[in-house]
Amino acid sequence: MTRYGYTEEHEMFRHTVRAFLDKELEPHYRRYAEKGGVDKEFWRKAGSAGILGSGVPEEFGGPGGDFVFNVILAEELGRSVGSSLTGSSLMADIATYILMGFGTKAQKAKYAPGILSGEVSQAMPLTEPDAGSDATAIKTTAIRDGDHYVINGDKFFISNGASADVLYVVAKTDPTQRGRGMSVIIVDANTPGISRRKIPMVGWPAGDTGELNFRDVRVPVANLLGKEGGAMQVLMSTFLEDRLQIAARCVGAAETALNLTLAYVKERKVSNQRVIDFQNTQFVLAEVKTDLEVGRAFLDTSIMKLRDKKFTFEEGAMLKLWVTEMENRVVDKCQQMFGGAGQMRDTPIAQMYTAARIQRIYAGTSELQKVAIAKALMS
Amino acid sequence: MSYSYTKSLFSPEHEQFRETVRRFIANELEPNIDEWLEARSIPKSFWLKAGSAGILGSTIPEQYGGPGGDFLFRVVATQEIGYSLAGASMSAAFEADQISEQIQDHGTEEQKKKWLPKMLSGEARFAFAITEPDTGSDVSAIRTSAVREGNEYVIKGSKTYISGVSTADVLLLACKTRPDAGTKGISVIMVEANTPGVRRGRQLKKMGMNAADTGEFFFDNARVPVSNIFGEENGGFKLLMSGLNRDRLMWSMIAHAAASRAYDDTVQFVKNRKAFGKTIFDFQNTQFKLAEMKTELAVGSAFLDEYLRSYLESGAFDSVRSSMAKMWVTEMEARVIDQCVQLHGGAGYMDEYSVSRLYTAARLHRIFAGTAEIMRLTVARSI
């Protein structure tokens, strides 16, 4: 089916990303899983292939592309079986948009080359052990001391947190306030006082979901990203984009799950029939295909709206809610059709199943999305 | 209600026509629907009024006296009837308008000249007659026969579940002109209902959609001129399938509009109804259910938008996308309307609340114009 919302340039980028992932991720993901993460080499190759830092303006050496490029990157990542093992570490590009949106010229100039080349990976520590859906309940502080901020606190469940080179730490510069007391501060990961580890998660054996502890970490005041007390504004600035790229990832993954399943049910025999010859299989495949196409249309029309600057917060919430749940339905139905084979730990469909589960939780739980949608009904 | 997710497909002319249709429904249809429910049919006078108001045949070309509108005019009329409460009792009768497009696609010049002006004015009401007591989904198994005798076809058999048993003037009858050739032996023949040998059966009582007169037709050696063939002899199956793709898209739109109506009425209801010291809306479960429904409606809108966009570009409907649309949207409609009834509590079971009629009407949407199972078969074949 023709896809609307994308330009020729976007489609060329999609080809480039696809070729890169097929060469550098798909044949290697098992090795990355054993290692517990991707190589630094992987990032550098991604940089050379030109797929990182799409949002970096030409002024700083970047391609100056719109966010749709990042959405395409996300979708092709989702389409790769490998991403069900690596998780969202490769989509830390959202952080680039934040830097480009709120950074000073000096901050952008400092990090842009590394982002583009793959030398510099990013993470955005926000969530804490006691603050998830309610972001304003964070307790990490960044207290002014002369011309430094001193950061103290613990962050948890941070994508790319244990391995990133640059951290955009969200902390309370004014602990007496809630939202208005929060600021984003750029922290180089090798600053003294930071300890971190990877949290073992149910999925993503090659991923990085990090725990970070900050003990009297001193950073120059010049590292403030945006305004003091302006963290909420910074976070909301990529609210829509974050939901779009997650939805895109889910659409790519759902399609791969269907393709893997089709191949399997055409081969596998039960009582002298191929699994695909049973009517139930055909009907479930039809439901899966339809669910997926409907989700893809929702994604593509959302992109059209984003480009027209008509995509609302409520619509972003609807997109994330529905498409993540679609992917979960699809992957679950697909895994069922594999029978026992789908339960073996290292098979693609089993990996995709565990990777799908978190989509309904991170970047705003399904419940939080419903709260956002319902809020619009309250007037 | 969001009619177009991207809001860019309809022009001001389309929106003006939408207003016309909406006003017509409010003034001429809604006030009379309860009476017509009792009568279990809609009087010809209504269709004549609809004709005069320019509601019917919006895609009929000017050379046949029509307004020569594009497909989007019919889309807006369809959305409006789908959204109306009266639609829950008779939308099938309105959807018969698509037959004017079938005639444009497949009719001879003579047939077009004879019938299009009458469809435009509301004078001639048409109905497709395909289903038989023993044949629904498996169209190749129909038994009504048309045997050629000189310049006439002699027709024998019966049809059931036909919308327009009391009110249809002309049937597009699917019959076997070659009895042992399966789908390759089917022809569609125009049969005027007052032809000797054509008998109207009784009106059937249905679960819902009761202002539509549904029933059986009997053909006892009815004779029609050979020139009444519609499309090619033995080419009827292909003709029927081609119309179905458009028809299924239209039913998806009606289903979507009806679900939107149920949702909108439910939001109003829960904001006013109280329990345990708050409004029903104040409960988190209500808010979450409304959020889920609103989301499903937006998803459906986006899918239909994309299909329309593709149709406008290519001029073609496709069977896979139509099947997906009908399957998904009617099932979404069922989920949404069922939840809406639930949120109404006891009131949702009462005829005086819109959701009650919308619920019974919705049940049929997953069955006619291609069952949910046939939709799955069609989509599965394409994978």
Which bit of [X] is near chain B, if near means a heavy-atom gap under 4.5 Å: side chain, backbone, both or neither?
X	result
A:Val288	neither
A:Leu377	both
A:Glu367	both

Self-check item: Nearest non-hydrogen partners of B:Ala291 and A:Ala374, listed with the distance
Solution: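 For B:Ala291 and A:Ala374, the tightest heavy-atom pair comes out as CB-N, 4.2 Å.
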
Exercise. Would you name the heavy atoms of A:Ala297 and B:Ala302 that are closest together and state the gap between them?
Key: O-CB, 4.1 Å

Does atom [atom1] ([X]) have a neighbourhood of more than 12 heavy atoms from anything else shown, all under 6.0 Å?
X	atom1	result
B:Gln16	CD	no
A:Glu9	CD	no
A:Arg14	CZ	yes
A:Lys375	NZ	no
B:Tyr353	OH	no
B:Phe17	CZ	yes
A:Tyr353	OH	no
A:Lys333	NZ	yes

Quiz item: Below 4.5 Å, heavy atoms only, C-beta onward: do A:Ile373 and B:Phe288 meet side chain to side chain?
Solution: no

Quiz item: Quick one: are B:Gln287 and A:Met378 in side-chain contact, heavy atoms under 4.5 Å?
Solution: yes

Within this structure, what is the [atom1]-[atom2] distance for the pair [X] and [Y], rounded to the nearest 0.5 Å?
X	Y	atom1	atom2	answer
A:Met318	B:Leu297	CE	CG	9.0 Å
B:Ser310	A:Tyr4	OG	OH	4.5 Å
B:Arg381	A:Leu285	CZ	CG	14.5 Å
A:Glu293	B:Tyr307	CD	OH	13.0 Å
A:Thr290	B:Met327	OG1	CE	3.0 Å
B:Asp305	A:Thr301	CG	OG1	7.0 Å

Residue [X] versus chain A: region with a heavy atom under 4.5 Å:
X	value
B:Glu331	neither
B:Phe281	side chain
B:Lys289	neither

Exercise. Before accepting this row, confirm whether a basic side-chain N of the pair A:Glu314/B:Lys294 lies closer than 4.0 Å to the acidic partner's carboxylate O.
Key: yes

Practice problem: Indicate yes or no: does B:Glu306 engage A:Arg296 in a salt bridge with an N to O separation below 4.0 Å. | Solution: yes

Practice problem: Determine the option with the most heavy-atom pairs under 4.5 angstrom with chain A, choosing from B:Leu290, B:Ile383, B:Thr286. | Solution: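 Looking at each option in turn, the highest pair count goes to B:Ile383.
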
Quiz item: Just one of A:Gln282, A:Glu287, A:Lys289, A:Gln279 clears the side chain to side chain contact (heavy atoms under 4.5 Å, CB included) bar with B:Arg376, so which one?
Solution: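 One option only clears the test, and that one is A:Glu287.
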
